[in-house]
Amino acid sequence: MPDSEISFDMSRIDFGATSDLLTASYWGNGRSDEFHHRAFANSLCAGAYLDGNQVGFGRAITDRTVFAYLADIIIWPQHRGRGIGLQLVRALIDHPELSTVSHWSLSTGDAHGVYEKLGFKASTDGRYMRLDRNPE
């Protein structure tokens with residue numbers, strides 16, 4: 001597993017590359033740059049970097065107190081399968097501003113195994129997952 005750097009600095013996010021990749025994803029098909037600008041501005045966003053180059057993106061939609069929903073977790077295709085997505089999600093879950101969040105959720109059609117490694121469990125419909133934790 002490469003040691004990726006996770007940063008919450010929005011000025012480092014390559015917006016064009018991120019928006020393009022999300023728009024090409026099965027869940028982001030049809031979204032516009034305007035949509036992404038608004039969504040990112042209203043979320044806690046993180047980028048994953050190798051040697052200073054962005055290779056991943058993710059965001060938490062959250063009240064920063066009780067609830068958070070993971071969204072748009074994406075790793076650039078040539079870097080997938082190397083554990084970077086796991087590092088990215090772990091960094092979002094462990095972010096200091098989210099330390100009191102006890103209810104995490106997400107939707108995935110193909111990455112259940114990644115999220116299960118972090119304690120998420122599939123719901124009855126097999127698509128939605130939730131992590132309940134007891135913050136200290």
Can you tell me if [X] has over 12 outside heavy atoms packed within less than 6.0 Å of its [atom1]?
X     : atom1 : result
Asp94 : CG    : yes
Gln78 : CD    : yes
Arg80 : CZ    : yes

Heavy-atom side-chain proximity of [X] to [Y] below 4.5 angstrom:
X     : Y      : result
Trp27 : Ile74  : yes
His36 : Thr18  : no
Arg64 : Val101 : no
Asn42 : Ile61  : no
Phe35 : Leu22  : no
Arg59 : Ile13  : no

With a 4.5 Å cut-off on side-chain heavy-atom distances among I, L, V, M, F, W and Y, is there a chain of contacts connecting [X] to [Y]?
X      : Y     : value
Ile75  : Phe40 : no
Met10  : Phe15 : yes
Leu118 : Leu92 : yes
Leu86  : Leu44 : yes
Val89  : Leu50 : yes

Between [X] and [Y], which heavy-atom pair has the shortest distance, and what is it?
X     : Y     : value
Ala17 : Trp76 : CB-CZ2, 4.2 Å
Ile73 : Gly58 : CD1-CA, 3.5 Å
Arg82 : His79 : NH1-ND1, 2.8 Å
Ser7  : Tyr49 : CB-CE1, 3.8 Å

Could you tell me the separation between the [atom1] atom of [X] and the [atom2] atom of [Y], rounded to the nearest 0.5 Å?
X      : Y      : atom1 : atom2 : value
Leu131 : Tyr115 : CG    : OH    : 12.5 Å
Ser4   : Asn53  : OG    : CG    : 12.5 Å
Phe120 : Asp132 : CZ    : CG    : 9.5 Å
Thr62  : Trp104 : OG1   : CH2   : 6.0 Å
Asp72  : Ser25  : CG    : OG    : 7.0 Å
Leu88  : Phe57  : CG    : CZ    : 8.5 Å

Quiz item: Counting distance only, does the side-chain N/O of Thr23 pair as donor-acceptor with the main-chain N or O of Ser19 below 3.5 Å?
Solution: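 Yes, Thr23 side chain to Ser19 backbone: donor-acceptor pair under 3.5 Å.
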Quiz item: Under 3.5 Å, is there a donor-acceptor pair between the side chain of Thr100 and the main chain of Thr65?
Solution: yes
Self-check item: Stepwise side-chain contact (heavy atoms from CB on, under 4.5 Å) test for Val114 and Thr108
Solution: CA-CA 10 Å; Val114 171; Thr108 185; over 6 Å; no
Exercise. Among Gln54, Gln87, Arg12, find the one that has a side-chain hydrogen bond (donor to acceptor under 3.5 Å, both in side chains) with Glu5.
Key: Arg12
